[in-house]
Amino acid sequence: MQEKDLKEANLVDSDKKTSENRTLEEKKQDNTVFYDEEYDKNDNISNVMIEDIATHSTTTKTTKNKYSMRPTLGYFRNVIIPVICYSGTCGILVGILVGLYTKFANLLIGWSKDIYSLVRSHPAWIPLFFVGLIIIALLCSLLLKVTPECKGSGVPRTEGVLRGILTFRWLRVLLTTIASSLLTYFGGLSLGSEGPSIQIGATTAQGACRLLKCRMAWTRYIMSAGSGTGLAVAFNAPLTGIIFVIEEVQKKVTPMLLLTAGCSVTTGVLTSNAIALLWGGNGYLFDFGSFPDKFALGNIWMLVVLGIIIGLASVGFNYLILNSGKIIPKKIPQWFKLVFAFLLCGSVGLAWVDTVGGGHSLIMGIGNGEFVWWLLIIMLVVKLILIPISVHSGATGGLFIPMLTIGALIGGLFGNLFTLAGLDKSLFQLLIVISMSAFFGACVRTPITAMVLVMEVTGSFHSFLFTGITIFIATLVAEFFKVPALYDALLDRNVEQEREGKKQKQISFKVKVEQNSFADGKLIKDLLWPPECAVKTITKDEESILASAETKLEGGDLLLIKAKTYNPDETMEYVERLLNE
């Protein structure tokens with residue numbers, strides 16, 4: 001296979017090849033980009049964007065590494081200055097917008113619970129209350145009909161856009177996400193504000209890129225950083241925002257991602273905290289006070305048992321979310337699903353106000369020991385009914401807080417059980433925190449993000465080891481049953497719906513790296529390529545080498561690229577701009 005690729009790469013001049021498809025689409029006048037489906041159909045194109053081939057040709061020139069403490073002017077011009085300008089501006093805008101959005105969302109959730117309590121005290125208002133819920137549901141339906149990209153939590157769609165798989169109309173999505181999600185919270189559905197915050201961050205970042213007229217190659221970096229900033233501001237958890245970009249959004253670590261995410265998250269959280277001083281500042285999202293230092297060694301078995309139970313519970317939860325929608329007939333219109341979800345959640349909320357919303361106040365109540373064990377079981381069953389119904393209604397709202405709520409309920413149940421088995425009562429809240437983190441990490445398969453998130457929102461930084469033990473076991477159990485990670489499965493479902501009826505094509509084309517472009521001087525692995533796109537060979541100074549993830553691109557290099565795509569023109573245009581702007 002390598003000999004075949006080398007022979008193909010040596011044909012630098014595209015005019016010399018007689019393939020009829022060679023000039024089907026010319027992107028540049030010098031014909032350095034060509035469209036070609038005349039290659040091995042069984043050629044395996046890596047889904048991680050770059051095919052890593054360890055061996056290079058024997059003609060590769062080796063150069064001595066020269067180390068210098070003096071930064072180059074080009075590095076400042078091409079990396080440092082754009083990161084500060086683009087990511088800093090993005091962080092400020094996202095910090096302002098998401099900070100205000102989160103504050104207003106929390107106010108609406110509080111007002112919603114007050115209304116539920118008031119109507120419960122005055123039964124004569126119940127008919128008017130249900131009419132209000134129907135109106136809210138119809139308004140949500142109208143918004144989602146105009147902008148269907150806003151259905152659901154927002155995280156899967158945003159991740160698809162940031163990985164180059166899906167697209168959205170940033171301004172329309174931004175405005176619709178804010179309006180639709182606020183209606184969802186006011187109506188009392190069992191959804192949270194974190195998923196929409198991530199989507200708001202990504203769309204705001206895309207708007208900032210348009211405003212600053214930055215290079216196209218920077219856009220996905222800045223949008224990725226914006227999504228992490230949205231999460232960081234919503235939870236007041238900067239480390240979580242940075243790790244989320246690496247572990248969940250792009251699933252890769254590069255210096256560029258760290259720089260852009262770090263700069264954006266830092267400026268965003270600082271901006272939101274400065275604004276929050278107007279209403280008293282931001283504390284921990286779940287302030288349970290101080291925790292004991294550690295578990296006794298004799299009680300570690302409890303964490304093992306808890307990890308196994310939570311792993312099994314995460315498998316069941318993911319299966320429930322991913323498959324419960326199949327029982328809903330496809331003929332049922334969107335507006336009816338929303339009306340049913342709002343009326344059901346409203347009815348349950350009137351009977352039990354603690355079930356209203358995503359579950360923040362419920363988590364605090366569990367941690368403070370306000371519920372006996374049998375009430376926790378009932379709440380767990382109720383939430384496992386309301387959350388899937390809220391999700392499959394299509395309403396705009398996140399799953400972060402609902403997943404943490406399920407974890408807290410499981411932790412509360414086993415906390416009571418372990419207390420009877422000899423666990424110190426002072427460790428009850430710590431057990432709940434560990435359970436929240438483990439359940440979220442097992443469901444989403446982001447153990448590091450989950451561990452850091454719960455520590456940042458509770459302040460329990462000293463429980464790192466015990467949280468890690470439980471998350472590790474829970475994730476192993478979830479992987480054993482091979483139930484897919486929640487957001488990845490939801491993204492795959494969105495992609496299938498978008499690409500239904502479309503046919504994937506295999507293409508090969510050549511692009512030349514321009515001097516002083518974004519790609520000049522960067523490693524192949526550091527660039528955010530289109531999905532299912534592989535750099536096969538590189539021609540440097542008339543010598544062809546096999547491409548590796550560690551290969552450094554330089555101005556004048558001619559790249560042979562192969563890809564599987566549903567839109568050849570869009571893929572070629574993206575790669576050309578990535579290497580030439």
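We number each residue from 1, following the sequence as shown.
- Each of K540, K522, K552 was checked for a salt bridge (charged side-chain N to carboxylate O under 4.0 Å, His left out) with D557, and the lone residue meeting it is K540.
- Rounding to the nearest 0.5 Å gives a distance of 3.5 Å between CD of E247 and OG1 of T449.
- Here the straight-line distance linking atom CE of M364 with atom CD1 of I432 works out to 10.0 Å at 0.5 Å rounding.
- In terms of heavy atoms, P484 sits closest to L322 at CG-CD1, 4.1 Å.
- Proximity of S197 to F235: side-chain heavy atoms (C-beta onward) are nowhere separated by under 4.5 Å.
- Contact between A237 and E456 at its shortest, heavy atoms only, is CB-OE1, 3.1 Å.
- T446 has its side chain out of reach of Y487: every pair of non-hydrogen atoms, C-beta onward, lies at least 4.5 Å apart.
- Considering CD1 of I389 and OG of S190, their distance stands at 9.0 Å, rounded to 0.5 Å.
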Practice prompt. May I have the step-by-step check of side chain to side chain contact (heavy atoms under 4.5 Å, CB included) for M256 and W218, ending in yes or no?
Written response: CA-CA 10 Å; M256 294 296 298; W218 278 101; 3.1 Å; yes
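- Using a 4.5 Å heavy-atom cutoff, the side chains of Q334 and K145 are not in contact.
- Note on E496 versus R499: no salt bridge recorded, every NZ/NE/NH1/NH2 to OD/OE distance being 4.0 Å or above.
- Between the side chain of T267 and the backbone N or O of S264 there is at least one donor-acceptor pair closer than 3.5 Å.
- More than 12 heavy atoms of other residues, nucleotides or ligands lie within 6.0 Å of CD1 in I275, so this atom counts as buried by the packing criterion.
- Panel note: side chain S517, backbone V513; no donor-acceptor pair is recorded below 3.5 Å.
- A salt bridge between R172 and E149 is absent, with no side-chain N of the basic residue lying under 4.0 Å from a carboxylate O of the acidic one.
- Under the 3.5 Å distance criterion, the side-chain polar atoms of Q515 are matched with a main-chain donor or acceptor of G555.
- Between T203 and L171 there is no side-chain heavy-atom pair separated by less than 4.5 Å.
- V83 has its side chain out of reach of Y221: every pair of non-hydrogen atoms, C-beta onward, lies at least 4.5 Å apart.
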Discussion item. Pair E248, L231 - check side chain to side chain contact (heavy atoms under 4.5 Å, CB included), show working.
Written reply: CA-CA 12 Å; E248 175 61 23; L231 177 64; over 6 Å; no
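- Using a 4.5 Å cut-off on side-chain heavy atoms (C-beta onward), L578 and V511 make no contact.
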Item to complete: Take C345 and V356 through the test side chain to side chain contact (heavy atoms under 4.5 Å, CB included) and record every step on the way to the result.
Response: CA-CA 7 Å; C345 291; V356 175; over 6 Å; no
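- When all heavy atoms of V535 and I538 are compared, the pair lying nearest together is CG1-CG1, 4.1 Å.
- Of the inter-residue distances, the one linking E573 atom CD with M216 atom CE reads 8.0 Å to the nearest 0.5 angstrom.
- Salt-bridge annotation for E498 and R157: present, with a side-chain N of the basic residue lying under 4.0 Å from a carboxylate O of the acidic one.
- By the neighbour-count criterion of 12 heavy atoms within 6.0 Å, atom NZ of K251 is densely surrounded, having more than that number from other residues, nucleotides or ligands.
- To the nearest 0.5 Å, the span separating CD1 on I243 from CG on L453 amounts to 10.0 Å.
- Among all heavy-atom pairs drawn from V98 and A234, the shortest one is CG1-N, 4.2 Å.
- Exactly one of Q206, M223, Q199 qualifies for a side chain to side chain contact (heavy atoms under 4.5 Å, CB included) with W170. That residue is Q206.
- Heavy-atom contacts from other residues, nucleotides or ligands closer than 6.0 Å to OH of Y566 number more than 12.
- Checking V233, T204, I92 one by one against L97, the side chain to side chain contact (heavy atoms under 4.5 Å, CB included) holds for a single residue, T204.
- S435 contributes a side-chain N or O that, together with a main-chain N or O of G407, makes up a donor-acceptor pair within less than 3.5 Å.
- No hydrogens or angles considered: a donor-acceptor pair under 3.5 Å links the side chains of S181 and Y101.
- The minimum heavy-atom distance linking V265 with T229 is given by the pair N-OG1, 3.4 Å.
- From I321, atom CD1 reaches atom CG of L490 across 8.0 Å, with rounding to the nearest 0.5 Å.
- Checked by atom type and distance alone, the side chain of R163 pairs as donor or acceptor with a backbone atom of V249 at under 3.5 Å.
- Panel note: side chain K252, backbone K525; a donor-acceptor pair is recorded below 3.5 Å.
- Listed for the Q250 side chain is a donor-acceptor partner under 3.5 Å among the backbone atoms of L162.
- Between L527 and L579, some side-chain heavy-atom pair lies under the 4.5 Å cut-off.
- Side chain of S390 to backbone of L189: no donor-acceptor contact under 3.5 angstrom is found.
- Considering only heavy atoms from C-beta on, T571 stays 4.5 Å or farther from Y574 through its side chain.
- Heavy atoms only, all atoms of each residue included: F518 and R215 are closest at N-NH1, 3.1 Å.
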Worksheet item: Under the side chain to side chain contact (heavy atoms under 4.5 Å, CB included) criterion, do L174 and I200 qualify, and how do the steps go?
Response: CA-CA 6 Å; L174 172 63; I200 290 171; 3.7 Å; yes
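- Proximity of a side-chain donor or acceptor of T102 to a complementary backbone N or O of G99 within less than 3.5 Å is not detected.
- Checking side-chain atoms of T266 against main-chain N and O of C263 turns up no donor-acceptor pair under 3.5 Å.
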